[in-house]
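One structure below.
Convention: sequence-line order gives letters A, B, ...; per-chain numbering from 1. Because the structure is predicted, anything quoted here is derived from the model rather than measured.
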There are 2 protein chains.
Amino acid sequence: MQKNKTDKRSRLIQTAAKLAYRQGFRKTTLADIAEEAQVPLGNVYYYFKTKDELAAAIVEHHLKQLETSRQSWEEMDSPKERLYACVQMTAENARALARGGCSVGTLCTELRKEGGALAKLAAVLFTEHLAWIEAQFRAMGGNDDVRGLAIHLLSALQGIAVLSNSFEEPALVALETGRLKDWIRAM
Amino acid sequence: MQKNKTDKRSRLIQTAAKLAYRQGFRKTTLADIAEEAQVPLGNVYYYFKTKDELAAAIVEHHLKQLETSRQSWEEMDSPKERLYACVQMTAENARALARGGCSVGTLCTELRKEGGALAKLAAVLFTEHLAWIEAQFRAMGGNDDVRGLAIHLLSALQGIAVLSNSFEEPALVALETGRLKDWIRAM
DNA sequence: GTCTATACCGAGATAGAC
DNA sequence: GTCTATCTCGGTATAGAC
């Protein structure tokens with residue numbers, strides 16, 4: 001088994017994701033990542049031929065993270081509770097959001113501006129997540145515009161991440177997630 | 001009068017803002033800006049000692065733009081109509097938002113990750129704007145939580161910018177701004 | 001597969017003539 | 001005030017020994 005290889009590779013990805021979140025992808029150098037992950041710089045290129053390839057791996061990493069989150073919400077009994085749990089997670093994450101924004105949203109925003117292949121990669125980041133939210137609203141029934149509802153929810157979560165990050169103010173997250181919880185509860 | 005000087009300087013700022021919006025501030029080189037603004041590279045440093053100083057000028061530029069927008073909304077008779085006009089502007093801007101996100105929001109997100117002095121600059125970007133929105137809600141009366149309402153509105157506008165940019169889909173803006181218009185109208 | 005040394009280039013910044 | 005030429009550093013990527 002290539003345990004070492006896999007370990008190093010995933011360590012690099014995880015570190016890259018962390019640093020890209022903290023300082024932005026473009027600002028983060030391969031040397032930064034290599035050092036933090038305790039891997040010699042030259043060795044990075046054994047796992048990733050280019051920096052762009054590493055970006056793709058970071059996106060992949062986030063997709064898995066999102067998938068994992070959704071799985072945990074699937075445990076809930078009703079679609080309403082699932083969406084509630086989704087909002088709750090954001091509420092609990094207020095401090096990190098105020099410090100660095102949403103890890104997915106900020107990455108997406110940055111990659112879109114990178115243009116080229118990376119911009120296309122970014123588009124995928126929210127696709128499955130939005131579809132999942134939409135599915136919950138559909139399962140709840142009672143409203144035909146499930147897409148509009150899903151957009152509204154995800155949009156609100158992204159927006160509050162931007163604002164709380166801008167002001168570096170976790171309290172804003174509590175304010176808006178509270179509103180969202182009321183909204184879901186009242187449905 | 002230093003007409004030439006002022007002209008060149010403001011041309012540089014405007015170009016810098018445009019390119020930073022299109023490709024991100026960090027990705028944009030001084031050479032890019034100089035070329036686009038038709039100013040020799042070396043001359044840029046006569047107006048801005050460092051690239052960071054140029055970033056500060058870009059922020060300043062956006063602050064003025066926002067101020068101008070608010071002034072145009074002030075023309076409306078009632079605070080409700082003013083907020084409506086604010087949302088309407090976003091709706092009309094759907095295509096640009098889908099292409100590059102909100103010029104203020106994306107800049108803010110990027111500068112926050114830059115850290116240091118630039119991160120602090122970013123914090124100012126939304127301050128006055130949020131205060132203005134809050135003032136409109138206060139003028140409308142009938143609700144004590146004017147701050148929550150203001151956060152909700154600005155957050156929604158920022159969120160839909162992130163999403164429509166991510167999916168490169170202007171229609172999402174229409175969807176969410178429609179919802180916001182209904183919300184304001186019903187108040 | 002792993003790591004060191006280094007090539008190469010691009011970007012920010014400066015010197016100094018005009 | 002304006003512009004050309006250039007310095008310098010840092011970051012991506014490669015060569016090649018082990």
Tabulate below the donor-acceptor pairs under 3.5 Å that side-chain atoms of residues 52-62 of chain A make, not counting sequence neighbours, or state none.
residue	atom	partner	partner atom	Å
A:Glu53	OE2	A:Lys49	N	3.3
A:His62	ND1	A:Ile58	O	3.3

Same hydrophobic cluster for A:Leu153 and B:Leu163, using side-chain heavy-atom links shorter than 4.5 Å among ILVMFWY? yes

Using atom NZ of B:Lys51 as one end and atom P of C:dG12 as the other, report the distance to the nearest whole Å. 5 Å

Would you mind telling me which of C:dG12, D:dA13, C:dT2 lies closest to the side-chain atoms of B:Thr29? C:dG12

Using atom CZ of B:Arg9 as one end and atom C1' of D:dT2 as the other, report the distance to the nearest whole Å. 17 Å

Sub-4.0 Å heavy-atom contacts from residues 109-118 of chain B onto DNA chain C, ordered by number: none

Grab the OH-P distance between A:Tyr47 and D:dT12 for me, whole Å please. 19 Å

In whole angstroms, the gap separating P of D:dG11 from NZ of B:Lys27 amounts to 18 Å

Under 3.5 Å, which protein N or O atoms sit close to an N or O of nucleotides 3-7 of chain D? Give each pair with its distance.
residue	atom	partner	partner atom	Å
D:dC3	OP2	B:Lys8	NZ	2.9
D:dC3	OP2	B:Asn43	ND2	2.9

Surrounding CE of B:Met89 (heavy atoms of other residues, nucleotides or ligands, distance under 6.0 Å), is the total greater than 12? no

Between A:Glu36 and A:Lys18, is there a side-chain N and carboxylate O pair less than 4.0 Å apart? yes

Would you say B:Glu74 has more than 12 foreign heavy atoms packed within less than 6.0 Å of its CD? yes

Taking the basic N atoms (NZ, or NE/NH1/NH2) and the acidic carboxylate oxygens, is any pair closer than 4.0 Å for B:Asp182 and B:Arg185? yes

Salt-bridge present (B:Glu168, A:Arg112; N to O < 4.0 Å): yes

Pairwise ring-ring contact (aromatic ring centres under 6.0 Å, His included) hits with a residue in residues 120-157 of chain B, at least two apart: B:Trp73-B:His129, B:Trp73-B:Trp132, B:Phe137-B:Trp183, B:His152-B:Trp183

Nearest to the side chain of A:Tyr45 - C:dG1, D:dA13, C:dA13? D:dA13

Between atom CG in A:Asp32 and atom C1' in D:dG10, what is the gap in whole Å? 11 Å

What is the distance, rounded to the nearest whole Å, between atom CZ of A:Arg26 and atom P of C:dG12? 10 Å

Row check, A:Tyr45 ring normal vs A:Lys51 NZ/CZ: under 6.0 Å, within 45°: no

Whole Å only: how far is the CZ atom of B:Phe48 from the P atom of D:dT2? 13 Å

When the distance from CD1 of B:Ile33 to C1' of C:dG10 is rounded to whole Å, what number comes out? 15 Å

So, with a heavy-atom separation below 4.0 Å from DNA chain C, the residues of residues 12-25 of chain A are none

Applying salt bridge (Lys or Arg N to Asp or Glu O under 4.0 Å), which residue pairs with at least one partner in residues 114-137 of chain B are found, sequence neighbours left out? B:Arg26-B:Glu114, B:Arg70-B:Glu128, B:Glu134-B:Arg138, B:Glu134-B:Arg147

So with a 6.0 Å cut-off around CD of A:Gln38, is the heavy-atom count from everything else above 12? no

Give a yes/no answer on whether the side chain of B:Tyr46 brings an N or O atom under 4.0 Å of OP1 or OP2 in D:dT2. no

